[in-house]
Each structure stands twice: as C-alpha cells, then as structure tokens.
Q: 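Sharing a structure with you now.
Reminder, nothing fancy here: chain letters follow the sequence lines and each chain counts from 1. In this text the structure is predicted, and so the values were computed from the model without any measurement.
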Amino acid sequence: MPQTYNPQLGREQSYPYEHREEERDWHWGMVINTNRCINCNTCSFACKSTWTSGEGEEYMWWMNVETEPYGGYPMGWDMRLLDDLGPDETIFEAAEDGEQVRGYVAEKEEWEYPALGDDQSHGEYPTGEVVESDPHEEQYHDMWQFYLPRLCNHCKNPACLAACPRQAIYKREEDGIVLLDQERCRGYRRCVKGCPYHKPMYNPETGISEKPVGCFPRIEDGNVPRCVSSCIGKTRLHGNINRGPDAGHPGGVSSAADGRSPINYLVKSDEKIALPLYPQFGTRPQVFYMPPYHVPPEFLTQMFTPNVEEKRNDWPGSTYEESVKIVQQRARDPSHHVLGILQLFGATTRLIETYNVKENRVKGWDRKGKKVVDMPIEEPMEVREGEQWTNQP
Amino acid sequence: MKLNRRDFVKAAAAGTVSTLVSSGWAATQSVDPVTSVDNPLKSYPNRDWEEVYHDIYAYDSVDWTVCHPNCTQSCALNFYMKNGVPIRAEQIYHEEEGSPGPGSPGGYEEAGVSRHWNPRGCMKGLTLHRRTFEPSRIKYPLVRKGWDPEDPSPEGRGEDEFERVSWDEAIDLIAEKMANLEDQKRFHVFNAIKSDGLITRHGAGRRLASIFGGCEWTEYDWYADLPPGHVITTGYQTSDADASAWRQADYTIMQGKNLIHNKLADNHWLQETRERGGKMVGVYPDYSPTVQKCDRWLPVRPGSDAAFALGVAHVIIDEELYDPDFMRKFTSLPLLVREDTGKYLRAHEVFEDHDPPEGGTEGQEGLAHHGGGDDWGDFVAVDADGDLTAVTREEVGGETPADTRLDVDTEVTLADGSSVAVRTDFARQKANILDSYDPETVEDITTIPADALRKTAREFAAAEKGQWFTGEGINHWFHSNDSLQRTIFFIQSMLGNIGERGAGYYNYSGQYKIELLDGYPAYVNPDGHSAHGMYPGYAFAFFGGEQLDPHDIRGDFDRDLDLVPQGDADEPVMPEGADSYTMSRPAVLWTMNCNLLNQTKHQEHVIENFVKHPDTGNELFIVSDMHMTYSARHADIVLPVPSWLECDYPDITVGPENPFLHMDSGVMDPIYDTKQDGEICALVAEKLDEKIPPEERKVDSYREYFAEFLDDDGDVRNYIQEALDAGMTTRDIDVEDIEDGPERLQLKTYPRVPFYSQINEDRPFYTKTGRMEFHKEEDRFLELGRSDLDHFESPEGTPYGTNAKWEEAKDEENPLYHDEGYQFYYNTPHPKYRTHSSWGMTDWNLIWSSRDFGSTNADPEGTERLVDDFSFPTGDGETNDSPPLGEAFVEMHPEDAANIDVENGDYVRISGKRGDLVVRVMVSERQRPRSAGDMGQLTIWHGWWPQHFPDDEENDDSIKGYNVTTNIWLDPGQETDDLVHKGVFGDPNISDEVEEDLAWHGATLEAGYEETVWAPTGTNRDDLVDVEKYEEADWWPGDARKDDLVSDYIDGSLQTDGGTDGGDS
Ligand code: SF4
Ligand code: SF4
C-alpha cells in the first residue's frame, strides 16, 4: 500500500491511493469553537432540512451535535473503534484481510436515537463542594459535559473513499469535497462501515448509500455550508484550510489582504487553537475544534490528539496532553488577533478567503478579493440626548 | 430482552442482535465488477451526476417572515419555496448583498447595529414549515356536540366529539352569546405573549374586549414572569438590557437561569463575555447546561437562593468592599427610618418650617390619597457634620446632599419635641445581614461552601462591571422572586453595577417589551376604551363558585384550596375602584395564542373546578389555535388560525433582549380553512352591530373599529402605522421601513441599558424616595416582617419549617416532607426544542425533546411504549393520527432512582398534594440527589402535551400532564395597594409631541395594582412530590453510565489500556 505523510500524526502511514503531488490551492475546512456551542442543534436541523428530508432518510442526521461523554450517534461509535484499535494504529493499518479499512456497520437500532444523552453530564454530584475550572491553573470541571458538533470531515485521507470497492466516492479536484456518486453506488455499505465518523449512511428505501456533500452547491456560489451559516452560537468559521502565509491577494486584488485564511491561522499558525477530531484514525479530518477549556485534558487528549506517548507532530508542548492544555488556555483567553478572527464567525454567509484584524476593526475578503466583512470588534454605545428619552429604562 | 449500552455495543459486534434488524436494512454485500476509476483521490471522470444535489438544493423563490413564539426573541427567516411550498428556512444575514430576504446592505447599518447580531433563528424557526404541515393542525371551525348556547353542559368538555361548522355559523354563535350577555364584563379575552401578535393577531382580541366593555386577562404577572423584586426596588416593571450589552461584563453571576437554552438566538453575546476576559459563575441546584459555560458552579439547595445573595452581601459589607458614593447618590441607604413605625423619617417631622405633603405621607389608598401628586414628603439623612438634612425626591445622583452618612443609629428630636430612635436604611440592612447571613450560616442554608461563597463575593466586588441574571426558575419561587431580587439589587447598588453597559441585574423571563412599544395602547384601547384587567389566578379560584367574597376570590374555594400560604395576612387587599382585577365571571372566555389548560399550574383544579364544573359560570369557551391542543380539546368552539407562514395580514413584534421591531407576513397560501385572529374579531364585531341595537352599544359601531379588515379598500397596515405614530419609541418608523427588514426601537441608549438616565443624568427612580429602595415602608411589608432583606423558607418546598426565617425554620420540620414523605422538589424548566408547548408535536422537535426516548422510526421493533395515542379529533368522530416519535420523561439522580429500584427507562408515578402523573425516568447524574441537601430534584422539561404521558392504569382520572402537581400561589406580600411604581404607559411615553418643558418627574407614577406591573406574581415552583416505581421498561437504548467501556472512555484510557483488541489485528 502506498505510504503518505500525515502531519496530524507526524509520521508516514499507509493509504490505498497515491496523493496528488501538490496540495490543492483551495480545500474545504472548518473550525468549530466548542466553547461557544450551546447545543441548540440549529445546525443539525438546517442540514437535515436542506439535504435529508426524503424517504429512507428519516433517521439520517448528517450533522448532529452530541453531548460528551454520553451522547453518540450512532450509539457508541467512537468507543467501539477506540476499543478496536491499538495505540498508534490507524484504521488503514488495522484493516482486516481483504479490506482497506478497519470499521464496523452500525445497526439500525444504533441510529434510532439521535438525541441520546443530549445535555447529560458526567460525574459525582459535588455535595459540599463546588465545581471549578481554570485552565491556567490546570483545574477542570470534575463533573462535566460538552457539546461536540459532528459532521463529515472531508478528510484528506478519506476512509469512505478508500473502502468503496466500486470507486464511487471521490475527492473533488477544486475544493477537496468528498462525494459519493449517487448513480454509481450499489449499496455495498463499505463506506458506511469504513468511515470512522459514521457519516456515510445507507438509505434502506433506495438501497444505496448517501454521504454528506459539504454543501457543495453553496460552496460553488461562494457561500458557507448550512451548518455554518445557521449557527446562532457563532461557533463556526468555514473556508480554505490550505491558504497559508505565502498566498497572494485573493483574485489579485491588492486592496484585499493577502496571506493566510482565518481558519488556516487558527489551525496552523504558531498560535494554534483548533485540533482535529480523532486524528489517530488516520484520515486527516478537515474539521478542527477549539476544545472545551473546562473539560479534563485526559479525555480531550484521547479525542483530539494522536494519543500516543511519543509526540511527533508540530503541535505546541512536549506531550499531546500538554498540547491540549496549551490550546485550552488559548481558548479561554484568546489573543487580540484570535479575538478578531472570532468576530468573523457568523458574520456573513460569504466564504472569507483572507482577513485582517486591527485594534477595533476586523475585515474579510472573499476569493475574488471583494470585501465581505468590515465590522468593529466592539460596537459603539449610543446615547440619545433630549429630555423625552430619559423615561425609558 | 434487555440490553444495557455495553451489552449492546458488544452484542452488535458479535452480531447477536440480528433479530432486531429490520429486513430493509440488510443490503447486498456482493460486489459486482465495475469499470475502475484510476485514482478517485485525484480525479473522477464523470461528475454530471452532481446535478442530483443541485436539484435538491434548487428553489423557485425566496420569501421571508418572522418567527415569534414566546421564546420572546423574534427572528426573521428566509423561506425557500418550491411549487408554492416552503422546503426549508434559513436565517437572514442582514447587511448581506445578495441575501434574498430583507438583508440588503443598509439593513443593520441603517438600524444602527452591527453584524454581530447575525444570524438569528434557532432550530424551531427552521421547522416552522414542518409545524405548518403537522397532523395536529385544526382544519376548520368546530363546535362541541354536547354544547348548546342555552345549556353548555361543561361536564362533556374534553370528551365530547366535535362537529364541523362553517365560519358563518361559528361567528354567529359567538356574537349571539356576546349580544345576550347581561353584563359585558362577562366577556373575557385571554391571549398570552401579548407582544407577539400586536395588531392583526391576538391584539385584535384586546381591541374587541375594550370596545365591547369586557375583561382582558393579564399574563406577565400570572405566568410568574413579572419579577416583583424589580418593582419593589426600582418602581420599574423589568430592567433588562439588550443582549449586546452582555459581553461587556467582567463578571457574570448566573443564578438559576438556563440562559443557554432559553435565549438561543441571542445567546452568543453571553458566551462572548468569557472570550473577552469575563468570568462566569453559576448558582444552580443541578449541572444545568449553562454550568458547562461557567468557571465555577456553586450547587445550591433549591429555594434557598436568597440566602446566597445575602451571604454575598455579608462579605461585601463585612469587608467594606462597597462603593459608598454610589450608595449615597442612588439608593435609600442613607435615608433615616423610624424604629418605632418602620416608616421613613420625613423632613416635616423634624424641621418645623418644613411643610408636610398635602395628602399625608402614606398611600393606603394609592395616589388618589395625595391629590394625585407624587409628593410623599421629603426624607431625612445625616450629613458629614452629623446634622440632619432634608432630601427631596428630586435630590438624587449628583444633587444628593454631599457626604451623607450611610451608617447611622441614633435618636432624633422631632419638631414636636419628642424623640425617636432612627437608623439609616443601610444600618438596618447591615445589622441584619451581619447578624444572620455570615457565609457559614449561609452554607447551612444553601449547602454552598462558605469559602467558595467568600471567594465569589470578593471577585465579584473587585470586577469593574458585574452583571447578575436570574430568570424563570427563581422568579417562580414564592419568596425568591421578592427577597432574592431585592438583595441582588442591593448588591449591585453597593458595587455601582447599575446604569452601565455590561453591569446590571436582569431577569429575561416573559414578554413585557410591550411597555416599550408605547404606541400600542392607541390600538388596543381606542378612543379611551379599555378592557378591565383580570388576574387569572384569582379568576380560577372562584369560577366554580357563586360568591365573590374576597377570601373566596383569593382562593379558598371549597375550603380545600389554600392558595395563600401565609395565615398572617388574613385580609386580601382588593384594588380600589376595581378598575383593574375586576372580579367578574367569564360567561364567555376566548383564548387566543395560548394553550391555557396545558400550561396552567394546578391543572387538576382548573379542569375540575372551572372547565368541567357543573356550576361553572362559563357558558362558552372559545379557543383559537393552530393545533388541536389540550385546551382546544376542551373548548366549546374551536377556531383554526393560520401558521405564521400562512398569515395574510402583516403584524409587528418586539422582543425583550433585542432592540428590533419586526414586521412579518406569510409566505404561502393557507392550507386549511383558517382565519387570522384579527379577521375573526372583525367578523364578530360586524355581527355584533347586527345583533345589538345602537343605544345598547358601548361604541357607535363595533365594526368601525375593524373596518380595515373588512372594507374592500381596507389596509390593516394603517392600524400598524397609527400605533407606530402614537409612540415615542416608534414615531419615526414607517411601515414601509419595516417591510424590508427590522428597525431598531428608539430608546435612550443602544444597547438598552436600564436606568441609564437615573445613574448618568440624575433622574429619580420610580419610587417614593426617587431612589432604589431596600427598606420598604408599606404596611403590608411591615405586617409580614418583610420590609427588609431576608431569606424565608418556602411555604412548601423545604424540609425545614415553612414560611419562616432561618433562625426559626432550621429547627423545625416540614410535616409534608418528614411525615408524609414528599421529599423531592419538582422542577419544570423551559425546554429547548419546544417553546413551552409550541412545536410539541413537530416531528424533529419531538424526537430531540424526547432525548433517550425520541426515536426517528416511531416505535422501533423491540420497544414497547406505554404511550401510544397521538391522535387529534377532527370532527364527527374522525381523528388524525401521528406516529409516537417520543414521550415525556423525568430526570432523576441515579442514587435516588436506585433507591426505588428504578433504572433508565422505567416508569414512575409522581404524586404531590395536588395530583399525580406517570412518566418515564431518565437517570441523570446532573440532577441533585436527595443526599446533597435533603431535597432531591426531579426535572420534567415543561410544555409536554398530555399525549406524551402514558395513562395511569390504576388511577385513570383522565387528567394527565406535567402540571397536575404544580400550584398557583398568591403572595399577600404582593397585595399592597400603596406600592409606588412607574405607570406602564405613563407620560411622556404617549405623546404626539414631547415638549421641551416636560420635566422628567412628570412621568406618571402609580400606586397599587397595575396590570402586569404590580400584582401578585403567580408562583408555582415550591412543590414537593413523592415518587414511586410504576412499571419496568421493556427495552431502551441503554444506560451508558454503568458501562466499563464507557468509564474507560471517559477517563481517556480506552485506547491506551482499556482496549481489548489492542494492536493484535
Ligand atoms: S448551531 Fe452552532 S451553537 Fe447550535 S448546536 Fe450547532 S454548532 Fe452548536
Ligand atoms: S423559536 Fe425563537 S429563537 Fe428560535 S427561530 Fe423562532 S424566534 Fe428565533
């Protein structure tokens, strides 16, 4: 099997297909700030009402929000796989004979209860005590929960693509979105079995599988996906994960800022603040999470890092647990630059390609170099003069 | 077959659950050969098929309207239409070029707000179209078969079949009944959430009641949303800020408010405080979802909240962390109070040359007593030299005499030569708080550790701007709504946390924003006509009886109801002149936009003693609704109204935590034979003109007041424009402006900062002293021992002595708790996927509301539900059925569940003094166990429909629902006829023109009852219940909490050492 370098793991791994020589100029990516998420599931409803309200799709929630640690759709999906995998073993490396990917098919009942454990928390009731967190003091809630929005990661090593024996799943050249060809699919459900995130789903009415589409019809129009634009928590930012510091002005427009995309800054700069979900599976997922800063880092290390003893990638800290702790601190007290980027979350439906942050202003430009956001970091306060206004508390 | 989660996971792996797999699920596993694609990671040959998804995404057109249920937020949404039907909704991004809705550039900017408000609209807004098509919709007018205008036979309500009638018949029946009333006051209208359908929806019902001379039930007070502590302290109804002020705070205390789930659309402003360096501390009995966002959680015994705040006050006073200057300027704290009478010392009592006020200083009979003025005499403070100095009501803020002393305990010689002991208000509060509420005592009361309280108090005092939230939970407790709220104001004014962006004390429960829409009365009370305000809590208490003795009115009906738990206030205070809280029995009751019988507390009483009581005075019960709710099921006449998507007439709305004025109108044709409330009222008005001779009418023509609905060239937007023109806050807004998106209400500040003028421009508060008042001199407070700040144990919800201060209560036992074994506190917080009972039957919302028991495939194989009847009568014995996608549940701590041998999914019976119900259990670690502080907590998210509960087979009284055990209490402390407060629609709020010389203190003050401002706030949280096992569940998705795999997962050790197959494959 071909080998490929996985920067999230900091090592070579096997993957059944050769990668392109050069990374795409533009690749679908998302950052989710779990600290802002309020578990309203507006994203889930937005996704479902856009894509999966047809027959055979009743049970499908391409987008769902799970309350950790008790939620799970399908039930127990990550536990099952973590239990099956050895340390430092990707799903490709753990594949059984005759298969490309290690996985399992979640049965019908496991998909039945999308709201299982919603809003529940874990821990002993703190009788006579309090629950407190301060990531700078390495203090975390002993009783906890947090909300994990879950969606297709449009991975750079997609497991569904690797698993499909008909090669009906592909990665789009222009934006990296992973699609399942509805005309070619015959419903073997290898993708359903192979995707560790359980996002391809089988339609028992049509007999074929379906998978999330990254809202490509919107991306093609320069708009962010529905789960992003609908997010009233202003929890998400979407854009070009591949746009690094050396990239030029978008559309060649010199008045538009050049350099990194805002999500690239959050994920890849020295101020890294967002981590992939279960990078140890080896799929190079492209949704990145600002971790909840009140949750014990042991759990988050298992969930958001390669979770092996030897730290190999370029994340901060000397162990993965340290990486998590540092990122938690950054999320609790973001720098001014990060705070500026956070204002872009939920500011526009347009895809923000580049941006800049000033003292009290943040701006964003789209791929064509058109300014799509220009807003203060703090709104000015307005006071009306005149006797007649004074009676309105 | 019974599987827990671990078994399930394991079993699934081994394939032993294959019997559960439906046949459609099993697909072919064979692989037929196919032309290979070279490398799908790099490229793919034929992508034409992608059109499939372009087609799914495609739409014909976009139209927008506004979602505005009683979540109070109001969000504009775009609806994407295909073949005339909305296929999905999206939030509107205002300020967005190319945004199809009212979002074009200029929207927000013109309204003067930033795009930080984008996007607004939660998952409920996104399922409005599904709600429009759901099976519970009422399709045409219905009349109950057992009802006859001459013989209403109320016993058949809720059981009789319905008959379909035409709109003409329905309107005629209503008008006929109204025309034959001997007393017009016996026509009652009740519409909840008044700010949400002001003109062409249920507001039209108020207009009809006004010109007809009927009564209009109040709601903000009765639903327990009115925070009385606000009125007592500031004289102002509710002082909430715009959400955009929240993130300015340096420190936030969230007490008992699950803000992250009941203010969804604007919640991000709160989350953003922490990114900006703010700290957040939560005080809750359970790990509320909001606790997740808190840096510290202080677990509190339910009902003891006031003691927590008093403990914080203790630390601030004891360690002198307060701001004396602020206290001097803006509060009653430097004013002297007589020790003998408990009244504020007046200047004329000590200064010979100082004239007493014309009408005396007290207000037993309200303002009238003072000749209509606002002169209660001047007050007295002690200056820096120790001399007495007079302080007038206007000498506030910067005009306060300099350096008055805060802490004075002395004797003063009165003008008549006698002497009297006096203390400043501060000295009184200080002595009591230092004496009774040290953190250690507070720990005994609340179970909050003393050191954590100290730390919190110190940090809060040190923060530059601190904000404090309470809400529905606490506001609904009998005592907390008064003593807690007053104490929070006390703390905030000791720290100077009032009148500044990012500082304040907020409540955000209910929809009171109507007060700021000051042109509205011009529409609902045209030409000076207005309906009589009627308090439903009182109403329900006597519906079944004949007499109107005040004691009966207040709740002794049949002598087995004790709605007033304090024996020491025997005499109900009835409103003077009975202009508000007019006592009249509703011969005709018409509810609009309100699921009254589902949401009412003490439901069994209401059903038995009002709705179905053979002697009820209610001869006709009309329900206008979209859905066949529990209330509609009990109506005599059922009138179907359109969903917001189907509304023909535009209407306006506002919300308390945002600055917007929205106008909406439908996006699609009505799918059923429905009419909007305004049109129904117009048709009734027209019929009344036919039936009532001119000389017997209250107005020349009823129809005239609804002509814009009825005339061919009528345009209801004229009503909207007239209302806008009549109000200070809207008079520069044209209907055309809001046709293409929201405008901002015109208020003193943006964001709205309560009391900005009081603090920054030396304006008096709306109290007698012109200051935030902590000591209260009104007789009823003195009588009840509640004139100062104190904690009282609940009248029911406590293991200790009831209704008493801690000193007394701590050694007593509540017999209900100790002898009768009612040891759980019954908590019914606001749900997330519903708004109250709205969206209760909308499929996706129901599945998610039901959590562990919400299943996408209705009743999956293997699960035997007790709940099976989701049917809605449609007339003549026919019903509409829908699949049981979910059911209600009660959350219970595992320890308490284990005590009665209950596991996740089992059914229990909950019983209280007032009724019982059967419901499924969700074992939940976040609930408060009994062991944590005596009382355990049971939580049922409120707003379930009766269909969501199973029948109790051993006790089928047919009344079921989460409200059967709750209560309606009336607090005699809130029955005062002399409390001074701001008149809701007082000058200069309504004026065509505001003149330069309008002095601020020309603002109308009121004393005594005022609808939704000062009236007993209904309280219902103080309930104790018992719980017992009812039936074991057959199968459920599993109790993850017991699983080894899960515990390794939670510890983060599943992969490293918990793995069973580690590395060997
Ligand atoms: S819409 Fe946003 S805030 Fe709401 S659940 Fe989804 S990610 Fe969280
Ligand atoms: S329910 Fe409330 S928050 Fe949700 S969309 Fe409707 S108005 Fe907005």
Q: Can you tell which part of B:E275 gets under 4.5 Å to a heavy atom of chain A, answering side chain, backbone, both or neither?
A: both
Q: Do B:P289 and A:Q145 come within less than 4.5 Å of each other through their side chains, counting heavy atoms only?
A: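 Answer yes - side chains close enough.
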Q: Looking only at the side chains, is there a donor atom on one of A:E112 and B:S855 sitting less than 3.5 Å from an acceptor on the other?
A: yes
Q: Does any heavy atom of chain A fall under 4.5 Å from the side chain of B:Y93, the backbone, both, or neither of them?
A: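 Just the side chain, heavy atoms under 4.5 Å.
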Q: If you measure only the distance, is there a donor-acceptor pair under 3.5 Å linking the side chains of A:Y125 and B:E895?
A: no
Q: Based on non-hydrogen pairs under 4.5 Å, which of B:Q271, B:K42, B:E891, B:R88 is most in contact with chain A?
A: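 With the most close heavy-atom pairs to chain A, the winner is B:K42.
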Q: So what's closer than 4.5 Å to chain A heavy atoms on B:K832: side chain, backbone, both or neither?
A: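 B:K832 touches chain A through side-chain heavy atoms alone.
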Q: With only heavy atoms counted, which part of A:M143 is less than 4.5 Å from chain B, the side chain, the backbone, both or neither?
A: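 Both the backbone and the side chain of A:M143 come within 4.5 Å of chain B.
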Q: Report yes if the side chains of B:H268 and A:F345 come closer than 4.5 Å at any heavy-atom pair, otherwise no.
A: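 No, every pair of side-chain atoms sits at 4.5 Å or beyond.
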Q: Give a yes-or-no answer on whether the side chains of B:Y833 and A:D118 include a donor-acceptor pair shorter than 3.5 Å.
A: yes
Q: Go through the side-chain N and O atoms of A:E173 and B:S43 and say whether any donor and acceptor fall under 3.5 Å apart.
A: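 Checked: A:E173/B:S43 side chains show no N/O donor-acceptor pair below 3.5 Å.
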Q: Shorter than 4.5 Å, heavy atoms on both sides: which option in B:W297, B:Y1049, B:Y750 has the most such pairs with chain A?
A: B:Y1049
Q: Which answer fits B:N46, side chain, backbone, both or neither, if we ask what part of it has an atom under 4.5 Å from a heavy atom of chain A?
A: backbone
Q: Pick one of side chain, backbone, both or neither for B:R928, based on which atoms fall under 4.5 Å of a heavy atom in chain A.
A: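 Both backbone and side chain of B:R928 come within 4.5 Å of chain A.
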Q: Given heavy-atom pairs under 4.5 angstrom as the criterion, report whether the side chain, backbone, both or neither of B:T127 touches chain A.
A: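 It is the side chain, since no backbone atom gets that close.
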Q: Assess the residue pair A:K234 and B:E272 against the criterion (salt bridge (Lys or Arg N to Asp or Glu O under 4.0 Å)); give the C-alpha distance rounded to whole Å, side-chain angles, the decisive distance to 0.1 Å, and a yes or no.
A: CA-CA 10 Å; A:K234 294 168 90 79; B:E272 290 177 50; 5.6 Å; no
Q: Using only atom types and a distance under 3.5 Å, with no angle test, would you say the side chain of A:Q182 pairs donor to acceptor with the backbone of B:V52?
A: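 No, A:Q182 side chain to B:V52 backbone: no donor-acceptor pair under 3.5 Å.
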Q: So which part of B:N845 gets closer than 4.5 Å to some heavy atom of chain A, the side chain, the backbone, both or neither?
A: both
Q: Salt bridge between B:R501 and A:E379, side-chain N to carboxylate O under 4.0 Å?
A: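 Looking at B:R501 and A:E379, the cut-off is not met.
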Q: Under a 4.5 Å heavy-atom cutoff, which of B:I260, B:D295, B:T749 has the most pairs with chain A?
A: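 Option with the greatest count: B:D295.
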Q: Below 4.5 Å from any heavy atom of chain A, which atoms of B:N39 appear? Answer side chain, backbone, both or neither.
A: both
Q: Look at B:H129, B:Q248, B:R276, B:R752 and state which one has the largest set of heavy-atom pairs under 4.5 Å with chain A.
A: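 Result: the option with the highest number of such pairs is B:R276.
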Q: Which bit of B:I87 is near chain A, if near means a heavy-atom gap under 4.5 Å: side chain, backbone, both or neither?
A: backbone
